[in-house]
Amino acid sequence: METRTALVRRARAINRTLAATYPDARCELDFCNPLELLVATILSAQSTDKRVNLVTPAVFARYPNAAAYAAAERETLEQLIHPTGFFRAKSDALIKLGAALVERFGGEVPGRLKDLVTLPGVGRKTANVVLGNAFDVPGITTDTHFMRLSARFGWSDSAKPDVVEAEVGSLFPRSDWTQLSHNVIWHGRRCCHARRPACGACPVARLCPSYGEGPTDPKVAVKLLREPRG
DNA sequence: ATCCCGAGGG
DNA sequence: CCCTCTGGAT
C-alpha cells in the first residue's frame, strides 16, 4: 500500500513530467472574454473543443453580450450550435443564462464559484474552467479526461467529480490546480486515450500503476499517437 | 459500438 | 442514485 507521502510525491512527479512534455498545455477553446469562454464551455459538453471552435465565431458575432443571448430566437441559436449536440438543452441554457446574467449580475460574468454555479447550464466543471482561464482563480477541471486519468494514476478511485476534485486537489498546492488540469487533459487527449491508451509512448509510464492497460510496444504506441483511436 | 473539457431533472 | 439529452468522429 502506497503511503500518503509517496502518493503526493508521485503525483507531483507526474505533473512535472507532463508539464515538461506539454509546455504549451492550455485551454483549447477559442475565446476573447469571460462570456465567450462561458458559452464555449457550455457548448463543449459531450463534444470536442475542435467542434465547438467551429461554431463559436458565428455565435459570438451574433450574440455579443448577455442581453443578446436573453433576446435570442431559439431556432436561430439552435441552428448555430447544432453540430455540438444537445442543441435544445444548450440553447435553452444559453438563453436563460443571458437573462440571469442581466437580471442578477449586471450583464457581467461573475468571478466566484459560488455565483457561477447558480447560473443556468453552469455546473462545477464549467465554473472551474471559467475561473481558471478567465479570472486566474485556481480550479480543477474534472472533465471526462481528468476523471479517467485520475483513476489510472491512482490519484482517486471515486466516480464522483466533486470527490475527485477534492482528493486530487489535496495532493497539489492550489496554485498548481489550473495548470495541472491542462496538463492532465492534454495528456488524456494526446496519449492516455479512453480506448487503447498509448502506454508504450507514455512519458509517465514509470510512475503509473495502470501501465500496461494499453499497448506497451513503442511502435504500436507511436502509431496510436497519430491515429488516436481505433 | 464508443467516446467527446456535462448539467438538470426525477 | 439513476436517467435523458444529441451530433459527429473513429
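Just so we're on the same page: letters track the sequence lines, and every chain starts at 1. Computed from a predicted model, the values in this text were never measured in an experiment.
At C:dA9, one or more side-chain N or O atoms of A:Arg51 fall inside 4.0 Å of OP1 or OP2 (strictly under the cut-off). Checking the phosphate oxygens (OP1, OP2) of B:dC4, no side-chain nitrogen or oxygen of A:Arg189 falls inside 4.0 Å. The shortest distance between the side-chain N/O atoms of A:Thr126 and the OP1/OP2 oxygens of B:dA7 is below 4.0 Å.
For the pair A:Phe146 and A:Ser181, the minimum side-chain heavy-atom distance is below 4.5 Å. Side-chain contact check for A:Asn128 versus A:Leu113: some heavy-atom pair is nearer than 4.5 Å.
As judged by a 4.0 angstrom heavy-atom cut-off over every strand, A:Arg148 is placed among residues touching the sugar-phosphate backbone only. Within 4.0 Å of A:Val52, counting heavy atoms only, lies no atom of the nucleic acid at all. Within the nucleic acid shown, A:Leu119 comes within 4.0 Å of sugar-phosphate atoms alone, with no base atom in reach, counting heavy atoms only. Within the nucleic acid shown, A:Ser44 comes within 4.0 Å of sugar-phosphate atoms alone, with no base atom in reach, counting heavy atoms only. Here A:Pro161 lies out of heavy-atom contact (under 4.0 Å) with every strand.
Between A:Lys90 atom NZ and C:dT4 atom C1' the separation is 14 Å, expressed in whole Å. Here the P atom of nucleotide B:dG8 and the CD1 atom of A:Ile95 are 15 Å apart, to the nearest Å. A:Phe87 has its CZ atom 17 Å from the C1' atom of B:dG6, to the nearest Å. In this entry the distance linking NE2 of A:His193 with P of B:dT2 reads 18 Å, nearest Å. What separates CD1 of A:Ile185 from P of B:dC3 is a distance of 18 Å, to the nearest Å. Rounded to whole Å, the distance from NZ on A:Lys223 to C1' on C:dT10 is 17 Å. In this structure, CG of A:Asn53 is placed 20 Å from P of C:dG7, rounded to the nearest angstrom. Atom pair A:Asp49:CG and B:dG6:P shows a separation of 10 Å (rounding to whole Å applied).
The side chain of A:His82 has C:dG8 as its nearest neighbour among B:dC3, C:dG8, C:dC1. Checked against B:dC4, C:dC5, B:dA7, the side chain of A:Phe86 finds its nearest nucleotide in C:dC5. Listed nucleotides B:dC5, B:dC4, C:dG8 differ in distance to A:Thr144; the shortest reach to its side chain belongs to B:dC4.
Between A:Asp49 and A:Arg189 there is a salt bridge, with a side-chain nitrogen of the basic residue lying less than 4.0 Å from a carboxylate oxygen of the acidic one. Taking the charged nitrogens against the carboxylate oxygens, A:Arg148 and A:Glu213 have no contact shorter than 4.0 Å, which rules out a salt bridge.
Each of A:Lys96 and A:Thr41 lies near DNA chain B, and the nucleotide nearest A:Thr41 is the one positioned closer to the 5' end.
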Are A:Arg104 and A:Thr118 close enough, and set up right, to give a side-chain hydrogen bond (donor to acceptor under 3.5 Å, both in side chains), and what steps lead you there? CA-CA 10 Å; A:Arg104 290 162 34 212; A:Thr118 69; 2.5 Å; yes
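Of the residues listed (A:Arg88, A:Lys90, A:Lys96), the one engaging A:Asp92 in a salt bridge (charged side-chain N to carboxylate O under 4.0 Å, His left out) is A:Lys96, and it is the only one.
For the P atom pair drawn from C:dC3 and B:dC5, the interatomic distance equals 24 Å after rounding to whole Å. Comparing the same atom, P, in B:dG10 and in C:dT6 gives a spacing of 15 Å after rounding to whole Å.
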